[in-house]
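Below: one structure, written as structure tokens.
Note that the structure is a prediction, hence the values are computed from the model and not measured. Sequential numbering from 1 along the given sequence is applied to the chain's residues.
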Amino acid sequence: MLRFHGAAIELLPAQPAFSRANADTVAKREAQIGRKLPAAVREWYCLDQCVDVLREHSNCDQPVPLEQLGAAADDWYGAGPRDFLQGDLLWIMTENQGVCNWAVRLDGSDDPPVVVEVDSAPNEVWLPLASSFSEFIFCQIWDHPQNF
């Protein structure tokens, strides 16, 4: 039973299940970045096809691959490496043309808010988008029921 993402998963025609491989990758990422992911974020990324679901239920946006979650961006809009974790942000997705980016604000809560920056990189200004990560996921699936 899902604590945070049950309502979002019910919107999908094929409901992803828990993935041991993803859970292992999440644990490995947590060890590499030196911090535990919030419970709602962890729950989502432990689901099979979680990154694909985000990609398919967007405007062809590019989620950060699970294997790179929490890693620094190599060259953030030509300004060199950018470690979002230093600012208590977990970068999760970039718009298909690079106009905006989404991140989870790591505020210590189990289901933290999501913020967005729109055309402000490399000195981005993060604006509130969703009051929680689970709300963000639900809205992504609700807003984009199918992406052909």
Side-chain angles (χ1 to χ4, degrees), residues 1-30 32-33 35-74 76-77 82-122 124-148:
M1 179 175 186
L2 297 174
R3 180 175 165 204
F4 299 99
H5 300 292
I9 295 303
E10 287 180 15
L11 296 174
L12 297 170
Q15 299 181 353
F18 174 79
S19 165
R20 171 53 50 204
N22 281 15
D24 291 345
T25 301
V26 166
K28 186 182 296 183
R29 293 300 308 144
E30 289 175 330
Q32 289 171 335
I33 65 175
R35 67 194 305 170
K36 194 163 177 78
L37 295 176
V41 175
R42 175 175 251 283
E43 181 180 274
W44 177 257
Y45 285 100
C46 286
L47 294 175
D48 187 41
Q49 305 295 317
C50 58
V51 173
D52 293 334
V53 169
L54 272 180
R55 183 179 305 105
E56 291 164 6
H57 294 273
S58 71
N59 190 28
C60 301
D61 300 323
Q62 299 302 310
V64 172
L66 176 56
E67 298 77 16
Q68 296 174 8
L69 201 60
D74 290 334
W76 185 249
Y77 291 86
R82 175 75 161 82
D83 184 358
F84 295 99
L85 293 175
Q86 288 181 349
D88 290 325
L89 293 171
L90 178 70
W91 178 39
I92 57 171
M93 191 161 58
T94 189
E95 193 261 344
N96 65 38
Q97 296 177 359
V99 173
C100 57
N101 291 278
W102 295 266
V104 174
R105 185 163 301 284
L106 300 174
D107 63 0
S109 66
D110 284 345
D111 196 4
V114 174
V115 292
V116 63
E117 73 81 23
V118 180
D119 232 2
S120 64
E124 63 279 343
V125 175
W126 295 98
L127 303 171
L129 178 74
S131 62
S132 66
F133 181 71
S134 61
E135 178 184 280
F136 170 76
I137 295 295
F138 182 88
C139 289
Q140 283 295 114
I141 295 170
W142 177 268
D143 287 345
H144 300 278
Q146 294 180 326
N147 188 7
F148 296 100

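- Proximity of a side-chain donor or acceptor of H5 to a complementary backbone N or O of A40 within less than 3.5 Å is detected.
- Within the 3.5 Å criterion, the main-chain N or O of E95 finds no donor-acceptor partner in the side chain of N59.
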Could you pull out all donor-acceptor pairs under 3.5 Å where a side-chain atom in residues 127-134 meets a protein atom, sequence neighbours excluded?
from: S131; atom 1: OG; to: E135; atom 2: OE1; distance (Å): 3.1
from: S132; atom 1: OG; to: S134; atom 2: OG; distance (Å): 3.3
from: S132; atom 1: OG; to: E135; atom 2: N; distance (Å): 3.1
from: S134; atom 1: OG; to: D111; atom 2: OD2; distance (Å): 2.5

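- The side chain to side chain donor-acceptor pair (under 3.5 Å) search around E30 returns R42, not counting sequence neighbours.
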Test side-chain contact (heavy atoms from CB on, under 4.5 Å) applied to W91 and L85, step by step = CA-CA 8 Å; W91 178 39; L85 293 175; over 6 Å; no

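- Minimum heavy-atom separation, M93 to F136: CE-CZ, 3.7 Å.
- Every residue two or more places apart in sequence or in another chain that forms a salt bridge (Lys or Arg N to Asp or Glu O under 4.0 Å) with D110 is listed here: R3.
- Remark: Y77 OH to N101 CG distance equals 4.0 Å, nearest 0.5 Å.
- Residues forming a side-chain contact (heavy atoms from CB on, under 4.5 Å) with A72 (at least two apart in sequence, or on another chain): D83.
- Atoms CD1 and CH2, from I9 and W44 in turn, are 4.5 Å apart once rounded to the nearest 0.5 Å.
- Residues that satisfy the side-chain contact (heavy atoms from CB on, under 4.5 Å) test with D52, not counting sequence neighbours, are Q49, R55, E56.
- Not counting sequence neighbours, the partners of W76 by the side chain to side chain donor-acceptor pair (under 3.5 Å) test are E124.
- Each salt bridge (charged side-chain N to carboxylate O under 4.0 Å, His left out) pair with one or both residues in residues 10-21, not counting sequence neighbours, appears once here: R20-D24.
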task = May I have the step-by-step check of side-chain contact (heavy atoms from CB on, under 4.5 Å) for F138 and L11, ending in yes or no?
result = CA-CA 8 Å; F138 182 88; L11 296 174; 3.5 Å; yes

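- Rounding to the nearest 0.5 Å places CD of Q97 at 10.5 Å from CG of D119.
- When the side chain to side chain donor-acceptor pair (under 3.5 Å) test is applied to D88, the partners found at least two apart in sequence or on another chain are R35.
- Nearest heavy atoms, W126 versus W102: CZ3-C, 4.0 Å.
- Considering SG of C50 and CD1 of I137, their distance stands at 8.5 Å, rounded to 0.5 Å.
- Side-chain N or O atoms of N22 include one that pairs as donor or acceptor with a backbone N or O of L47 at under 3.5 Å.
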message = One pair to check against side-chain contact (heavy atoms from CB on, under 4.5 Å): I92 and F84. What are the steps and the verdict?
response = CA-CA 10 Å; I92 57 171; F84 295 99; over 6 Å; no

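- The side-chain contact (heavy atoms from CB on, under 4.5 Å) search around D107 returns S109, P112, P113, not counting sequence neighbours.
- Taking CD of Q140 as the start and CG of L54 as the end, the distance is 6.5 Å to the nearest 0.5 Å.
- Under the side chain to side chain donor-acceptor pair (under 3.5 Å) criterion, R105 pairs with no residue, sequence neighbours left out.
- Taking CD of Q32 as the reference point, atom OG1 of T25 lies at 9.5 Å (rounded to 0.5 Å).
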Would you be so kind as to tabulate the donor-acceptor pairs closer than 3.5 Å made by side chains of residues 62-69, with sequence neighbours excluded?
from: Q62; atom 1: NE2; to: C60; atom 2: O; distance (Å): 3.2

